[in-house]
Amino acid sequence: RARAREALRLKIRGAKMPAAKQSPKLLKRARARRGKGLEPTGVLKCTEKAGNAALLIQQRCSACHGRTIRDVLGSMMENGNRYTMADLRYDIKLGRLDVLPAGSSAGAIPAGKARADAPLAGQPLPDASLDQFFKFLQGQLRMELREHTGAKLELPDKDAEQMWPDVEAFVTPNLGATERWVPYHTVLGVHELFLVQSVHARKDWDERQRFFAMFIFRAHCKRDLFNKAQLPQMLTKGFWQDPKKAFAPGGPMEKSILAYRRKTGQPLITSCFRIIPPRVLKDDTENLVRSITSRTQALLDVAEIAWPVMKDKKKTASQKMEEISKMMQEAQGCGDTWAKMLTVCMDLAYPKERLLESQCDVGTGAAPPLRCLLPKGGSGNRVADLKALLKLVNSAKGPHAKNFWSTLKKAESILRSKFKAWPLVCAQANTKERAMTAVTLQVQLCEYRQFRHSIARLKYGLPDDESMRGEVEKETRLDPENFIEFDDKKKCVKFELPKDDKKISFDVPIKLVGNKKMVAARVAAMCFLKMRDGASKEEVTKFRDETAKGFCGGEDAPDSSPAWQECRIALSHPSPLVAFQVEAKSGKKFPFQTTLMAAGSILEAERMARLCWMKLSAGATKEAVIEYRNRLYKKRASDNGSSERPAKKSRK
């Protein structure tokens, strides 16, 4: 189990391989994973679709008009967030932005549609308040009962009743196919309730199988897809012998999903996820299906390791969640969104464990309302502030607070009666008075934030509620490949990092690494990441020079080899290493790695890894390549005049 867990954590992830400007083939292949035609010097053009979109979307697309991709990535948008590659790809996919060749003129910005005047346009938007939050929660409870029981919940709070049309206007567009609304009781969310009724209630699966099925569904969150394309496969005798194998390329699950898509034309992933799959197959449908099956395999890897952790009686709930959440975030093709989503599902599936009861990590969506509702904006420490607001909410004595608690008691009584056959629903719909949990508070803060944006747009004619804008995002989403280029005149690989509305220039002279452009590009990529994550220019310059001293030359992969993308060192690891996976002829993947300690330097560890990657990709056995790698280690030690045998310290 330990080896499996370590293998999962060492999967390659993070930024793509940076490309030198003079290596067009490599540049094209590296960017193909992120979308077609996204050259950094491409000029963006705002389309009529952007002009007809929501005001906030229109503003951000207009801000991109006439600028290059390189200039807009990381730039500040009107709502206080930075424009990311995900934003760009999404706007291009929906036709809001076009990419023109470098040097093109974008022309004038298309005129947008005429918009109806908001009833309170020109008037200031009232500040958020704890009283308004309690009234909003009462509206959430009424909507919840209307959607799930058909009952109309009477609100004793006259002000909450007056606010109801605003809550209804906010929630209604997020119902149905959009699947975006989160009710007060998260177990009644579209996906959560489906899991309760269609997975956790199954008697023909054991507990472990139900646990794994939860991960399978969460890879896409489409109920019809699960029922019609996946469930028939999951009910076969052979499926549970090796679930991951069923999702292999060309396997039964991939064929079943493809057949479902071609027959029905239905979406394969919930619209509440903004995902554009990496391009690995030419056909769009096949590419989308492959992204789902690959993500499912990654989540099944997590499930395989998470299951014994979940059942470990020696671990506390906090320890379990910390360990499992980290696994999820590190799984290939997943990340923070899936981690949060799955931890909530696990908490709902195992209510007695109280997995999230001690978790007070505050996400970016809950931070702005947290700041708005606390006196003087809170302390700035999100964890402490969430606890402080939770105490305020549970101890509030005002009329709106009292009306909320009485409304909650009545609503939960109706819900328990309606869902008496579903213990997992009843378990959550049983809140003790003045005992709201930190998890519920955080989820509802996120919904309250969106509600505030809704009334800002619909009633006040504003693009959003400025007070609820998120904090400026860190530059962790800026990828080196979009900024690094080769300067033939200066003989260096250079980049300009956007930071605080300025650009920090940096270069790596190719003479530092034997005039090897691709090696210089790798050094530049590592420098970019360090500077992006907060290191000063002086610190990065020192890192560049020390890294370059480790260049030894020697045989290396061709500039066009994918090894340059696949073999990148993980400097954040306690024992820095270069880890990658290779697929054997049998279709089974296995890990391989080189270490900084054994190789002697960062650049040598990467060079040796590239050589090993090429041999493995050419069909050599893992055992043969391990011997080859150890010879490289031994030669390195010999060249340095050392008698040590570092290969023994390197894991296989």
Side-chain angles (χ1 to χ4, degrees), residues 56 79-81 125-147 153 155 157 159-175 178 180-186 188-189 272 340 344 356 360-375 377-378 382 385-396 398-405 407-408 411 431 434 436-460 462-471:
L56 192 62
N79 65 349
N81 290 334
L125 176 67
D127 292 339
S129 67
L130 199 57
D131 281 343
Q132 188 188 56
F133 182 58
F134 279 123
K135 290 184 285 185
F136 166 73
L137 293 181
Q138 293 175 63
Q140 283 278 82
L141 290 169
R142 171 182 274 189
M143 182 63 75
E144 186 176 89
L145 258 68
R146 190 187 81 175
E147 290 299 304
L153 182 65
L155 301 179
D157 192 326
D159 290 338
E161 184 70 48
Q162 187 176 1
M163 183 191 280
W164 166 247
D166 296 333
V167 176
E168 189 176 29
F170 156 64
V171 174
T172 301
N174 294 311
L175 297 173
T178 59
R180 291 180 184 271
W181 176 55
V182 182
Y184 181 85
H185 295 93
T186 52
L188 296 178
C272 64
K340 290 180 179 178
V344 169
L356 294 179
C360 291
D361 293 339
V362 182
T364 55
L370 187 63
R371 183 179 63 238
C372 291
L373 296 181
L374 281 172
R382 291 184 183 180
D385 286 347
L386 182 65
K387 292 179 179 179
L389 183 59
L390 184 64
K391 185 176 180 180
L392 278 177
V393 168
N394 285 331
S395 62
H400 301 300
K402 291 180 179 178
N403 283 325
F404 161 70
W405 288 109
T407 301
L408 176 63
T431 309
R434 302 190 178 280
M436 184 187 294
T437 65
V439 178
T440 297
L441 175 59
Q442 184 170 181
V443 170
Q444 291 309 306
L445 285 174
C446 293
E447 291 299 292
Y448 178 59
R449 179 194 184 198
Q450 296 304 321
F451 168 71
R452 290 280 303 181
H453 287 322
S454 175
I455 59 175
R457 290 190 294 268
L458 299 178
K459 297 187 70 174
Y460 293 86
L462 301 171
D464 65 350
D465 177 2
E466 187 174 345
S467 69
M468 290 287 175
R469 290 176 180 174
E471 298 176 2

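Just so it is clear, the values below take in all heavy atoms, side chains as well, and ignore hydrogens, waters and symmetry mates.
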For Thr186 and Thr440, what are the C-alpha separation, side-chain angles and deciding distance, and is it a side chain to side chain contact (heavy atoms under 4.5 Å, CB included)?
CA-CA 8 Å; Thr186 52; Thr440 297; over 6 Å; no

Within the supplied structure, the quantity of interest is the number of heavy atoms (other residues, nucleotides, ligands) at a distance under 6.0 Å from Glu466 CD; does it exceed 12?
no

Quick one, Tyr460 and Pro126 - any side-chain contact, counting heavy atoms below 4.5 Å?
yes

Sequence neighbours left out, what passes salt bridge (charged side-chain N to carboxylate O under 4.0 Å, His left out) with Glu147? Give chain and number order.
none

Can you check whether Ser467's main-chain N or O pairs, donor with acceptor, with Arg371's side chain at less than 3.5 Å?
yes

Report yes if the side chains of Leu389 and Leu445 come closer than 4.5 Å at any heavy-atom pair, otherwise no.
yes

Arg449 side-chain N/O to Met468 backbone N/O, donor-acceptor pair under 3.5 Å
yes

Gln138 and Leu155 have their tightest heavy-atom pair at O-CD2, 3.8 Å

Can you give me the closest heavy-atom contact between Asp465 and His453, atom names plus distance?
N-ND1, 3.0 Å

Quick one: salt bridge (charged side-chain N to carboxylate O under 4.0 Å, His left out) partners of Arg434, sequence neighbours excluded?
none

At what distance, to the nearest 0.5 angstrom, does CE of Met436 lie from CG of Leu408?
7.5 Å

Looking at every heavy atom in both Arg142 and Leu153, which two are closest together, and how far apart are they?
NE-O, 2.9 Å

Taking side chain as C-beta onward, heavy atoms only, is Leu130 less than 4.5 Å from Val393?
yes

Hey, is the main chain of Pro183 close enough, under 3.5 Å, to the side chain of Gln444 for a donor-acceptor pair?
yes

Please examine the side chains of Arg457 and Phe170, heavy atoms only from C-beta on, and report whether any two atoms are closer than 4.5 Å.
no

Inter-residue atom distance Asn403.CG - Leu137.CG, 0.5 Å rounding
12.5 Å

Find the distance between CG (Leu441) and CG (Asn394) and round it off to the nearest 0.5 Å.
8.0 Å

Please test Arg382 against Gln442 for side chain to side chain contact (heavy atoms under 4.5 Å, CB included), starting from the C-alpha separation and ending with a verdict.
CA-CA 11 Å; Arg382 291 184 183 180; Gln442 184 170 181; over 6 Å; no

For residues 162-169, tabulate all N or O donor-acceptor pairs below 3.5 Å that involve a side-chain atom, not counting sequence neighbours.
unit_1, atom_1, unit_2, atom_2, d
Asp166, OD2, Lys459, NZ, 3.2
Glu168, OE2, Arg146, NH1, 2.8

Val171 side chain near Gln140 side chain, heavy-atom distance below 4.5 Å
yes

Can you tell if the side chain of Trp181 reaches within under 4.5 Å of the side chain of Glu144, non-hydrogen atoms only?
yes

Which heavy atom of Val182 sits nearest to which heavy atom of Val443, and what is that distance?
CG1-CG1, 3.5 Å

Does the side chain of Leu373 come within less than 4.5 Å of Gln132's, by heavy atoms?
no

What's the shortest heavy-atom distance between Ser129 and Tyr448, and which atoms?
N-OH, 3.5 Å

Do you know the tightest heavy-atom contact between Leu390 and Ala438?
CD2-N, 3.9 Å

Once rounded to the nearest 0.5 Å, what's the spacing between atom OH of Tyr184 and atom OG1 of Thr407?
11.0 Å

